[in-house]
Amino acid sequence: MAAALAVVVMSVGQAAPAAAVVTVPGDATGTAYARESVRVMTWNVCGEAGGAVAGQAGFCPFRNEPQKKIDGIVKVVKEQNLNAVMLQEVCSESHVDRLSATLNGLAANGNSWAQGWTFALAGVTRPDDSPEVELAGVELIDQEGSECRGSLNGTLGVAIGVKGRITWTSETDFDTPLGLSMGRGTVLCAEVDGWEQHLCTTHVANFGEDVKAGRLAAATADQYYKEQIDTVAAVAGSFPSVVLGGDFNTSVQDRLQKLYSMMPECDQRSYLPGDAANEITKVTRAVEVNDGNPAGEPVDYAITSQGEFLTSKIDYLFSTDGFTGCDSWTSLGDWTDYSAAVQPDCRLKPGDKSWVPKCTPGAEAYSDHTPVYGRTQGGPKLSWGLDSAGGLMGGSGGYTGSLTGGGSWSAEHGGSLALNGSDGAVTADGPVIDTRRSFTVSAWAKVDVDAGTSVVLAQDGQIISGMMLWFNKPDST
């Protein structure tokens with residue numbers, strides 16, 4: 001029997017080269033199975049930002065009320081049915097541990113979406129950037145390091161949470177100096193039991209304040225930024241399948257071209273009618289300081305009017321798998337009116353140490369950033385792109401294959417592997433499908449017109465095949 005046979009288990013969006021029979025000896029003890037979409041959010045919740053009043057740069061709503069941050073995160077997780085979160089500017093104890101405890105409590109009350117979450121955190125180094133302001137009930141301390149300030153506890157950093165079990169993490173620190181207002185960050189990555197995708201998050205510094213202060217030349221700041229992106233790209237590029245998100249501190253997407261060339265970014269297009277692309281993720285007040293004080297008097301940082309907001313997109317989600325949906329929940333940013341006419345007590349009173357500012361954020365003003373969430377495309381746990389350029393060893397997930405019997409490369413179909421139809425096969429070096437779980441296999445095959453019944457894809461068991469896909473000659477199916 002002569003047959004030219006070509007097979008490949010396809011990834012979503014992959015071109016369809018032909019390939020070869022893939023047989024696997026032994027029991028189905030592998031862990032490969034059809035994976036579901038990663039439903040993920042990235043959010044800089046500014047849980048440890050500076051600024052005592054809304055008129056100060058870096059002000060963040062509810063900075064000293066970590067449960068409010070947790071409430072916002074839980075709101076998005078529940079309403080968007082997320083199975084992964086990436087967080088920036090969080091404290092290990094005040095935010096991450098509290099979030100874990102909150103989800104555990106909700107799970108105990110029968111909320112399945114809150115069950116089974118685990119978290120990882122990587123610390124960052126904060127510069128000495130807090131203003132020294134002595135206020136009753138407001139503790140702002142100049143402090144360089146990774147310990148959270150004031151009433152907040154734990155290590156300051158970035159975090160990853162998953163609805164699953166984190167089995168491995170890595171931290172890759174940036175080799176850049178501390179800025180005047182931005183810390184030295186890291187790239188945190190995590191592996192999840194049963195997921196092919198790795199998750200990575202980061203918080204990149206832009207050194208803009210250093211340039212304004214004359215501390216750095218613009219070209220030097222740009223080089224520092226590029227070095228950080230190069231690090232992120234190198235780390236993300238080390239994984240066959242990865243979801244990357246974080247605060248990249250730039251609205252100039254050309255500065256992220258290295259990442260865009262590697263994988264799709266979720267909000268580059270609309271997914272539903274009326275859905276906008278490239279939505280904002282950062283809300284900043286155009287008028288931060290009341291400059292109407294008499295000459296020589298200290299600034300009280302009262303906002304004289306609501307004024308305008310400066311908005312930008314600086315938070316991004318990337319994935320090698322692509323996306324089927326994406327959105328920025330813009331209403332969860334801080335759009336509160338802190339003007340003196342509405343909140344006259346939202347200001348400092350220099351010289352009055354008994355005065356405690358009273359700035360009341362809106363009910364859903366969780367951060368000066370907005371959460372960005374997306375859904376990655378599902379796809380195969382194991383894919384093979386068997387072509388003469390890539391060779392036989394094209395399996396994902398760390399699997400390889402070897403050619404046995406008769407086979408040769410063909411130019412047909414843009415490059416394929418033609419087998420002799422008798423003993424030609426590609427054999428993987430271990431079982432790849434756990435047949436105890438639901439799974440799907442697919443293949444592209446061209447069978448000679450005179451070929452009989454032919455196996456295309458199989459995984460052998462001790463007695464019979466655990467899985468087999470074949471061409472059935474009697475009814476040509």
Side-chain angles (χ1 to χ4, degrees), residues 38-47 49 57-61 72-73 76 80 82 84-89 158 179 181-182 185 187 199-209 211 221-222 225-226 228-229 232-233 236 242-272 274-286 288 307-319 322-336 364-376:
V38 177
R39 304 178 302 279
V40 60
M41 164 182 71
T42 182
W43 196 2
N44 182 337
V45 296
C46 65
F59 173 79
C60 185
I73 296 167
V76 184
Q80 297 303 321
L82 302 183
V85 297
M86 301 174 180
L87 305 171
Q88 301 84 46
E89 292 189 28
V158 297
S181 62
M182 298 209 56
V187 186
L199 305 180
C200 297
T201 190
T202 189
H203 190 178
V204 180
N206 63 17
F207 297 95
E209 293 300 317
V211 174
D222 287 344
Y225 189 88
K226 179 181 180 300
Q228 292 172 96
I229 299 303
V232 175
V242 66
V243 181
L244 167 68
D247 179 355
F248 287 85
N249 259 302
T250 184
S251 59
V252 182
Q253 294 181 20
D254 282 349
R255 302 179 80 185
L256 304 176
Q257 190 55 47
K258 194 163 191 175
L259 300 176
Y260 278 100
S261 66
M262 294 170 57
M263 50 190 158
E265 191 268 312
C266 75
D267 205 21
Q268 291 301 293
R269 66 178 182 87
S270 60
Y271 297 87
L272 298 169
D275 174 34
N278 274 316
E279 289 188 276
I280 67 165
T281 69
K282 181 70 164 67
V283 181
T284 305
R285 284 170 182 78
E288 289 185 334
E308 297 180 357
F309 291 93
L310 300 178
T311 59
S312 58
K313 174 180 176 176
I314 64 174
D315 305 85
Y316 300 83
L317 268 178
F318 298 88
S319 174
F323 293 88
T324 60
C326 186
D327 201 12
S328 173
W329 198 333
T330 56
S331 64
L332 300 189
D334 187 8
W335 303 92
T336 308
E364 293 194 335
Y366 296 106
S367 174
D368 56 351
H369 291 251
T370 67
V372 181
Y373 54 86
R375 298 179 298 278
T376 68

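Computed from heavy atoms alone, side chains included, the values below leave out hydrogens, waters and symmetry copies. For reference, positions follow the sequence shown, starting with 1.
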Beyond-backbone contact of [X] with [Y], side-chain heavy atoms, under 4.5 angstrom:
{"X": "Asn249", "Y": "His203", "value": "yes"}
{"X": "Met263", "Y": "Leu244", "value": "yes"}
{"X": "Lys226", "Y": "Ile229", "value": "no"}
{"X": "Trp43", "Y": "Trp329", "value": "no"}
{"X": "Leu317", "Y": "Thr42", "value": "yes"}
{"X": "Val204", "Y": "Met182", "value": "no"}
{"X": "Ser367", "Y": "Leu332", "value": "no"}
{"X": "Phe248", "Y": "Ile314", "value": "no"}

Minimum heavy-atom distance [X]-[Y], with the two atoms named:
{"X": "Ala236", "Y": "Val242", "result": "O-CG1, 3.7 Å"}
{"X": "Pro61", "Y": "Asp368", "result": "CD-N, 4.4 Å"}
{"X": "Ala205", "Y": "Gln228", "result": "O-NE2, 2.8 Å"}
{"X": "Phe207", "Y": "Ala221", "result": "CB-CB, 3.9 Å"}
{"X": "Thr201", "Y": "Gly246", "result": "OG1-CA, 4.0 Å"}
{"X": "Gly322", "Y": "Pro264", "result": "CA-CG, 3.9 Å"}

- Message: I'd like to know if the side chain of Trp335 reaches the main chain of Val283, judged simply by a donor and an acceptor atom lying under 3.5 Å from each other, with no hydrogens or angles considered.
- Response: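 Side chain of Trp335 to backbone of Val283: no pair is present.
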- Task: Give a yes or no on whether a salt bridge exists between Arg255 and Asp222, defined as a side-chain N under 4.0 angstrom from a carboxylate O.
- Result: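 A salt bridge links Arg255 with Asp222.
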Quick check for you: to the nearest 0.5 Å, what is the distance between [X] atom [atom1] and [Y] atom [atom2]?
{"X": "Glu279", "Y": "Asp267", "atom1": "CD", "atom2": "CG", "answer": "5.5 Å"}
{"X": "Thr284", "Y": "His369", "atom1": "OG1", "atom2": "NE2", "answer": "7.5 Å"}
{"X": "Asp247", "Y": "Asn206", "atom1": "CG", "atom2": "CG", "answer": "8.5 Å"}
{"X": "Cys266", "Y": "Tyr271", "atom1": "SG", "atom2": "OH", "answer": "5.5 Å"}
{"X": "Lys282", "Y": "Ser251", "atom1": "NZ", "atom2": "OG", "answer": "11.5 Å"}
{"X": "Tyr316", "Y": "Leu256", "atom1": "OH", "atom2": "CG", "answer": "5.0 Å"}

- Looking only at side chains, do Asn278 and Gln253 share a donor and an acceptor under 3.5 Å apart?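 A pair is found: one side chain offers a donor N or O, the other an acceptor, under 3.5 Å apart.
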- Task: Indicate whether the side chain of Thr281 and that of Ser328 have a donor and an acceptor atom separated by less than 3.5 Å.
- Result: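 There is no such pair between these side chains.
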- Stepwise side-chain contact (heavy atoms from CB on, under 4.5 Å) test for Val232 and Lys258: CA-CA 10 Å; Val232 175; Lys258 194 163 191 175; over 6 Å; no
- Message: Could you go through Thr336 and Arg285, starting from their C-alpha distance and side-chain angles, then the distance that decides it, and tell me whether this counts as side-chain contact (heavy atoms from CB on, under 4.5 Å)?
- Response: CA-CA 10 Å; Thr336 308; Arg285 284 170 182 78; 4.2 Å; yes
- Query: Could you go step by step and tell me if Phe318 and Met262 meet the side-chain contact (heavy atoms from CB on, under 4.5 Å) rule?
  - Reply: CA-CA 9 Å; Phe318 298 88; Met262 294 170 57; over 6 Å; no
- Stepwise side-chain contact (heavy atoms from CB on, under 4.5 Å) check, Val372 with Cys326: CA-CA 7 Å; Val372 181; Cys326 186; 4.2 Å; yes
